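Because the structure is predicted, anything quoted here is derived from the model rather than measured. FYI, side chains are in, hydrogens and waters are out, and symmetry mates aren't considered; it's all heavy atoms of this structure.
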Amino acid sequence: MDRGRLGAVAARTAPPAGVGLAATLGGGLLYLPGGVAQGAGPQAPLAYLLAGGGAVCLAVAFAVVAAGPFAERGPVYGAVSHVWGSRRLGALAAWSALAGYVALLALLAEWLGRLAPLPATTGAYVSGSLGAPTGLAALSGVGLPAPLVGDALAVTVCLFALGVHLAGTRRAAVAAAVPAWGVVIGVGVLLLAAFLPGVGEFVPANFDPLYPTSGLQRAPLRSLLGGVGVALFAFVGVEAAAYAAAVDRADEGAGEDGDVRDSVAASAPVVAAAVAGALVTLTALVALGIIDWTRLTLADIPAADAIAAYLPVDPVALTVVVSTAAGLAALVALGVPAARALVGLAELYPPLERGPAEPPVVALVVVYGAAAALAVADLVAPALYVAVPGLALSYLAVATTAAAMPVRRPDLWAECGVRPTGAVGRVALAGGVAVAAALLGVTLASDPATTLGLTLHRVALAVFEFELVSDPLGGVVPAIVAWELIGLGLLLVVRDYRESVGIELPALDGPGENDRGGVNSDDESDPTDASDPADESAPEP
């Protein structure tokens with residue numbers, strides 16, 4: 001690739017990669033390394049680094065489907081339905097992802113509507129000031145917003161994000177990417193500036209011995225692997241880069257040749273995962289290095305406190321600015337995968353496709369309208385029971401689909417602009433499956449407040465305090481099963497609708513959206529239907 005094309009790829013990769021970063025950052029970056037340090041001790045930075053490598057593997061799987069011939073229907077529904085020959089399977093995978101994205105959007109909307117409060121600090125418990133305003137309210141000197149005011153603000157921020165998207169797909173990507181890259185660069189510079197003067201005490205004071213407790217000494221490898229499993233949740237949302245890149249690739253008016261669009265689709269999710277991995281590793285390294293890990297659990301805002309230890313920075317003010325900027329960017333960025341998941345499902349219910357296609361106005365209105373409705377109706381907390389498990393299910397579906405595509409559907413594999421080959425490619429795809437399976441396993445075995453607290457959206461949980469704590473078998477598992485059963489029921493309803501109006505779906509065994517040849521999916525229509533236009537072009541046996 002010549003320098004001109006390389007520059008074009010780099011310039012076009014930044015916005016979709018920034019969308020992935022924005023969706024990942026949420027607002028809780030400065031609270032790292034908290035949970036990982038408690039289990040892995042001084043190995044926490046290594047745990048984040050290894051988790052970042054796993055996130056890159058998952059990003060490779062999303063890059064494959066984003067550069068495939070079914071990207072217009074979304075990386076989840078489009079890829080899963082075509083590769084496995086089942087619209088029902090693809091729809092249920094996309095349905096779980098849609099629940100996750102809308103729940104996170106509603107959480108961010110409610111948090112911003114309450115003026116972005118910060119999680120309760122140790123000092124607040126000691127001083128008995130738990131009800132005092134924090135976040136934007138404290139900085140601006142105003143009190144906590146009344147419920148009606150908070151609801152109005154939540155609706156307002158949803159309308160703001162919707163307006164950004166309606167201004168144009170690319171403008172929305174830039175609007176999410178610019179603050180995300182700003183946070184990455186700004187926080188990175190502050191971390192390095194804090195690290196350099198503290199390097200003298202860094203290594204000897206905090207990493208010697210590497211295993212300071214009897215528990216870590218007895219099982220250092222198990223502690224590290226547990227830390228990696230926890231650290232993986234810091235990357236929830238990074239796949240949004242693949243959705244944004246898929247939209248960019250499908251844009252016929254892009255002007256660049258197909259190789260550039262394929263390169264963007266390949267690189268955007270990988271760049272987002274790699275940058276996020278480097279940032280969280282650096283954050284954990286500095287926080288853990290400057291604050292003795294035995295005292296880290298008492299640090300109110302670990303990374304911000306570490307920065308303030310060597311720089312003239314107010315850690316609370318820094319946290320409010322960074323978390324609010326990242327939260328607003330995430331509110332815009334998460335609308336991309338949410339709307340695209342709904343666009344994919346619109347194949348089954350064509351009225352959803354009415355109106356402009358770019359941006360998908362109907363899908364965006366539905367997504368942000370649902371998020372605002374959840375916030376106003378105080379239903380965000382129940383919705384969060386399906387947030388992380390819904391996304392983890394979709395990750396597993398995409399990773400398994402990308403890994404199986406070369407064997408199950410070599411024709412579709414040949415159409416993909418990204419095809420990891422050789423031992424490295426197989427390891428990357430297998431790693432993506434392992435990462436997705438680990439996320440789903442931990443999620444189904446944990447309380448939703450725990451897993452959400454491990455993501456970088458953890459700061460937004462300040463609006464609920466401890467309301468989410470529940471037995472996973474009594475909350476998470478029934479919630480995700482019930483959500484999928486609702487999706488299955490809706491599939492039956494929309495099938496009856498299509499039959500009533502005479503809508504025929506294209507076959508799934510062709511190379512992409514404009515399939516011709518073969519028969520329709522066996523779970524959507526009768527393959528013996530003589531009116532199926534696919535029969536006319538089917539080859540003779």
Side-chain angles (χ1 to χ4, degrees), residues 16 19-20 23 58-59 61-102 104-105 165 169 172-173 237-251 261 264-265 268-269 333-350 352-353 357-364 366-367 370 390-402 405 409 412 415-418 436 487 490-491 494 505-506 508 511-515 521 524:
V19 170
L58 185 61
F62 271 93
V64 169
V65 297
F70 24 66
E72 291 183 4
R73 289 298 176 187
V76 180
Y77 173 78
V80 173
S81 60
H82 280 84
V83 171
W84 300 102
S86 171
R87 286 190 171 90
R88 184 176 296 137
L89 186 62
L92 291 178
W95 183 246
S96 68
L98 180 63
Y101 294 125
V102 171
L104 289 180
L105 284 171
H165 280 281
T169 301
V238 74
E239 78 286 350
Y243 285 85
V247 175
D248 181 87
R249 184 176 182 270
D251 186 0
R261 293 197 295 273
V264 171
L334 287 170
V336 175
R340 296 297 160 180
L342 194 58
V343 167
L345 294 172
E347 179 184 51
L348 303 177
Y349 186 62
L352 288 175
E353 294 188 300
E358 286 302 327
V361 175
V362 173
L364 288 167
V366 170
V367 164
L391 294 178
L393 275 174
S394 69
Y395 294 170
L396 185 59
V398 170
T400 305
T401 297
M405 199 188 310
R409 292 299 304 271
L412 294 178
E415 293 286 331
C416 291
V418 180
L490 288 177
L491 284 178
V494 297
L505 295 176
L508 284 174
E513 292 299 315
N514 297 319
D515 293 328
S521 170
E524 291 295 337

(message) Which residue in the set His82, Arg340, Glu347 passes side chain to side chain donor-acceptor pair (under 3.5 Å) when paired with Tyr77?
(response) Glu347

(request) List the atom of Val102, the atom of Ala370, and the distance in Å for their closest heavy-atom pair. (result) CG1-CB, 4.0 Å

(request) State the CE-SG distance between Met405 and Cys416, to the nearest 0.5 angstrom. (result) 4.0 Å

(request) State, yes or no, whether a side-chain contact exists between Pro269 and Val238 at a heavy-atom distance under 4.5 Å. (result) no

(request) For the pair Ser96 (side chain) and Ala93 (backbone), establish whether a donor and an acceptor sit closer than 3.5 Å, ignoring hydrogens and angles. (result) yes

(request) State, yes or no, whether a side-chain contact exists between Tyr395 and Leu391 at a heavy-atom distance under 4.5 Å. (result) yes

(request) Check Leu105 against Gly335 and note the closest heavy-atom contact, atom names and distance. (result) CD2-N, 4.1 Å

(message) Side chains of Trp95 and Leu490, heavy atoms from C-beta outward: is any pair under 4.5 Å?
(response) yes

(message) So if I apply the side-chain contact (heavy atoms from CB on, under 4.5 Å) rule between Arg87 and each of Leu348, Leu92, Val80, which one comes out positive?
(response) Leu348

(request) Would you name the heavy atoms of Leu412 and Pro69 that are closest together and state the gap between them? (result) CD2-CG, 3.9 Å

(request) For Ala399 and Ala436, work out which heavy atoms get closest and say how close. (result) CB-CB, 4.5 Å

(message) Please find the pair of heavy atoms, one from Ala346 and one from Leu352, that lie closest to each other, and give the distance.
(response) CB-CB, 3.6 Å

(request) Would you confirm whether Ser81, through its side chain, and Gly90, through its main-chain N or O, come within 3.5 Å as a donor-acceptor pair? (result) no

(request) Might you point out which heavy atoms bring Ala363 and Ala339 nearest each other, and give the distance in Å? (result) CB-O, 3.7 Å

(request) Would you check if Val361 and His165 make a side-chain contact, meaning some heavy-atom pair closer than 4.5 Å? (result) no

(request) Give the C-alpha distance, both sets of side-chain angles, the deciding distance and a yes or no for side chain to side chain contact (heavy atoms under 4.5 Å, CB included) between Glu358 and Val247. (result) CA-CA 9 Å; Glu358 286 302 327; Val247 175; 3.9 Å; yes

(request) Indicate the ring-plane relationship of Tyr243 and Tyr101, choosing parallel, tilted or perpendicular according to the 30° and 60° boundaries. (result) perpendicular

(request) Assess whether side chain to side chain contact (heavy atoms under 4.5 Å, CB included) is satisfied between Tyr349 and Leu342, documenting all intermediate values. (result) CA-CA 10 Å; Tyr349 186 62; Leu342 194 58; over 6 Å; no

(request) Give, for atom OG1 of Thr401 and atom CG of Leu89, the distance between the pair rounded to the nearest 0.5 Å. (result) 7.0 Å

